[in-house]
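These notes are about the structure you will find just below.
Numbering of ligands and ligand atoms starts at 1, following listing order. As a basis for the values below, the full set of heavy atoms in this structure was taken, side chains included, without hydrogen atoms, waters or symmetry mates.
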Amino acid sequence: MLDKLSSALKKVTDKIANAIFLDKAVVDSVVKELQRALIEADVNVKLVLEISNKIKQTALDERLQGLDKKEHIIKILHDELIAILGESREIKLQKQNVFLLVGLYGSGKTTTISKLAAYYGKRGHNLLPIGLDVHRPAAPEQLKQLCDKLNIPCFINKEEKNPIKIFNEFKDELKKYELVIIDSAGRDALSDDLIKEIKDISKLTKPTETFLVMTADIGQTAKKQAQAFKDACNITGVIITKMDSTAKAGGALTACAEVKAPVVFIGTGEKPQDLETFDPEAFLSRLLGMGDLKSLMEKIHSVVDKDKIAEQQKRLEEGKFTLDDFASQLDSMSQVGSMDKIMSMIPGLGNVKEKITDDMMQQQENKTKHWKAAIKSMTKAEKENPELLEKQTSRIQRIAKGSGTTTSDIRMLIKQFRMLNEMIKSQSQIAEKGLDQKTMMKFAKKFGRKMKF
Ligand code: GDP
Ligand code: MG
């Protein structure tokens, strides 16, 4: 269910959590990814733009720095997504309950009745479905077969063509049940005679809940349908079916929130057990693959060391990037496991990264092990001023010996460090101008080749 959106959202939150420097280039790429994922899930473009703008504003708010900023962005992303999913509404059973299910043809009313029967039956409620769909000849039999499978009794009358009469026929019997679930007939569209029929049934049966059943695959069109049913009948909740079989589910969910028709259940398959209560918070947690917002925040904290980042950030802003910083970058890299992390940490380099093969990565990882050892063997003066090494070959020999590396390893390290330094300086220019295709290619050419990634 919404797998693509889920993996995209996870990627977006990971990117925010892992990014050491959240500058315009990173934010733009994260927002773009988010937009693509939401629009693909059929979320209204206007809503998507609103979310994007809020995230951008927070991200580029200079009063926020480092970790605070990350927390704000994640929180905004979380809150905005919750907001577009709408309010949750828990169905609380009373002493006597009547659920009336309404909706168009094929929306899943009858199937959903079997799901509700399984759901409440499992929770020990004494319940009974009743078939008032007199338009489709096969409808009563379909309901009966579904109930038989669940060993639940149900009331149908295949001969009678008046739903009011069927209900009256069983009226006294129904009083014995705690929950009566009514199946009604649909139409191809919300027509006057459907409205009249629902109103008549409603007047007679006095439902405690009237659920509109809609399929997720209609996407944003759900808005119009939910609004129309809401205006015509007293809808207390929406059940969205076929969440399992469409990528447009984001459209249907958010559309209901827009017309303030709370989604109460979602159908995720054809079987009786494929029903879930809908709670935006829990739904989003699952999409994000997190328990809750708190664990999301904890994740940010666990990935980065607050003080270290603040310090690095400051030095970078001042255009200072020392071999010590380089070493700690290499450290955090091996923590996360692979070389491509450092590439994605450097704004604007995410794209260059794609041109790098795994083989090159592996080589680079081996190299970085040597580099880390070498940097450890340097004196403070050497780390702060690598030119010392270039001036005196004896220093290079000493470091190579001390760290079990070769002098060419050290020379390569200094070269790469210089390159990285230059990159970091030019990244501020990229952040300012944005990274268009041409600049990116130039960048990739200049650094990508030389760095032998
Ligand atoms: P009704 O006309 O509104 O009563 O719709 P039905 O209950 O007869 O369902 C129409 C079709 O949709 C049937 O083939 C169901 O098996 C299918 N269906 C209903 N709910 C779901 C769902 O959540 N997921 C999937 N994949 N199919 C569903
Ligand atoms: Mg039906």
Side-chain angles (χ1 to χ4, degrees), residues 1-4 41-42 99-119 128-150 152 154-158 160-163 166-167 180-191 193-195 197-198 201-202 205 207 209-219 221-222 225-226 228-229 232-233 235 237-253 256 261 263-278 283 286:
M1 184 176 45
L2 287 173
D3 292 340
K4 260 183 151 170
D42 204 31
F99 289 0
L100 171 61
L101 272 71
V102 301
L104 302 183
Y105 273 144
S107 57
K109 293 179 294 300
T110 310
T111 315
T112 303
I113 290 195
S114 75
K115 293 177 184 178
L116 288 169
Y119 179 89
L128 184 97
I130 172 166
L132 300 191
D133 179 358
V134 292
H135 285 259
R136 261 188 19 198
E141 188 53 36
Q142 184 196 1
L143 181 65
K144 179 153 187 351
Q145 280 178 11
L146 287 168
C147 289
D148 282 351
K149 270 195 208 152
L150 292 167
I152 287 175
C154 78
F155 287 166
I156 54 165
N157 182 341
K158 290 186 212 172
E160 182 55 63
K161 291 291 164 212
N162 181 345
I166 303 180
F167 188 80
V180 172
I181 313 174
I182 303 171
D183 193 12
S184 69
R187 300 288 191 280
D188 287 327
L190 185 64
S191 57
D193 74 320
L194 177 59
I195 295 172
E197 187 172 321
I198 294 170
I201 293 179
S202 185
T205 61
E209 298 283 352
T210 304
F211 295 139
L212 167 64
V213 182
M214 280 196 300
T215 61
D217 53 20
I218 61 172
T221 321
Q225 210 183 105
F229 271 94
C233 335
I235 302 294
V238 179
I239 301 178
I240 299 185
T241 61
K242 303 183 197 175
M243 288 285 295
D244 54 311
S245 55
T246 178
K248 287 178 140 192
L253 286 175
C256 288
V263 178
V264 287
F265 287 102
I266 51 174
T268 57
E270 292 180 89
K271 297 194 199 68
Q273 67 268 27
D274 297 332
L275 183 79
E276 296 173 18
T277 53
F278 182 74
F283 186 78
R286 219 170 66 193

(message) Heavy atoms only, cut-off 4.0 Å: how does V213 contact ligand 1, side chain, backbone, both, or neither?
(response) neither

(request) Decide yes or no for Y105 and L194: does some side-chain heavy atom of the first lie under 4.5 Å from some side-chain heavy atom of the second? (result) no

(request) Output yes when a side-chain donor or acceptor of T215 lies under 3.5 Å from a complementary backbone atom of K242, and no otherwise. (result) no

(request) Considering heavy atoms of the protein only, find what lies nearest to atom 10 (C) of ligand 1 and give residue, atom and distance to 0.1 Å. (result) G106 O, 3.7 Å

(request) Say whether T112, considering both its backbone and side-chain N or O atoms, lies within less than 3.5 Å of an N or O atom on ligand 1. (result) no

(request) Say whether Y105, considering both its backbone and side-chain N or O atoms, lies within less than 3.5 Å of an N or O atom on ligand 1. (result) no

(message) Please report whether ligand 1 has a polar contact with G269, defined as an N or O pair separated by less than 3.5 Å (distance criterion only).
(response) yes

(message) Taking 4.0 angstrom as the limit and counting only heavy atoms of G267, give me the atoms of ligand 1 inside it, by number and element.
(response) 23 (O)

(request) State, with a plain yes or no, whether a side-chain heavy atom of R187 is found less than 4.5 Å away from one of E197. (result) yes

(message) With heavy-atom distances below 4.5 Å as the criterion, would you say the side chains of F278 and I240 are in contact?
(response) no

(message) Suppose we measure from atom 9 (O) of ligand 1 to each protein heavy atom; which comes out shortest, and what is that distance?
(response) T111 OG1, 3.4 Å

(request) Distance to 0.1 Å, residue and atom name: give those for the protein heavy atom nearest to atom 8 (O) of ligand 1. (result) Q142 NE2, 3.0 Å

(request) State whether the side chain of K115 and the backbone N or O of E270 hold a donor-acceptor pair below 3.5 Å, judged by distance alone. (result) no

(request) Indicate yes or no: at least one non-hydrogen side-chain atom of Y119 is less than 4.5 angstrom from one of T277. (result) yes

(message) Contact between T111 and T241 at the side-chain level, heavy atoms closer than 4.5 Å - yes or no?
(response) no

(request) Could you tell me whether R136 approaches ligand 1 through its side chain, its backbone, both or neither, with non-hydrogen atoms closer than 4.0 Å? (result) side chain

(request) Assess whether atom NZ of K161 is packed by more than 12 heavy atoms of other residues, nucleotides or ligands within 6.0 Å. (result) yes

(message) Please report whether ligand 1 has a polar contact with S107, defined as an N or O pair separated by less than 3.5 Å (distance criterion only).
(response) yes

(message) Just to confirm my output: which protein heavy-atom neighbour is closest to atom 24 (N) of ligand 1, and how far is it?
(response) D244 OD1, 2.8 Å

(message) Distance under 4.0 Å to a non-hydrogen atom of K115: what atoms of ligand 1 satisfy this?
(response) 20 (N), 21 (C), 22 (C), 23 (O)

(request) Taking the side chain as every heavy atom from C-beta outward, state whether T112 and F99 have any atom pair closer than 4.5 Å. (result) no

(message) For atom 5 (O) of ligand 1, what's the nearest protein heavy-atom neighbour? Residue, atom name and distance, please.
(response) G108 N, 2.9 Å

(request) Spell out, as yes or no, whether a donor-acceptor pair under 3.5 Å connects the side chain of K248 to the backbone of D42. (result) no

(request) Do me a favour and list the nearest non-hydrogen protein atom to atom 14 (O) of ligand 1 with residue, atom name and distance? (result) E270 OE1, 3.8 Å

(request) Check whether any side-chain heavy atom of L104 lies under 4.5 Å from a side-chain heavy atom of D188, and answer yes or no. (result) no

(request) List the closest protein heavy-atom neighbour of atom 17 (C) of ligand 1: residue, atom name, distance to the nearest 0.1 Å. (result) K242 CE, 3.8 Å

(message) the Mg ion (ligand 2) and T110: any N/O/S contact shorter than 2.8 Å?
(response) yes

(request) Just jot down the ligand 1 atoms closer than 4.0 angstrom to any heavy atom of T268, in number order. (result) 23 (O)

(message) Can you confirm, on distance only, whether ligand 1 has an N/O atom lying under 3.5 Å from any N/O atom belonging to T241?
(response) no

(request) Using a strict 4.0 Å cut-off to heavy atoms of T110, name the atoms of ligand 1 that fall inside it. (result) 4 (O), 7 (O)

(request) Any atoms of ligand 1 less than 4.0 Å from a non-hydrogen atom of L104? List them with their elements. (result) 3 (O)

(message) For a 4.5 angstrom cut-off between non-hydrogen side-chain atoms, does K109 reach S184?
(response) yes

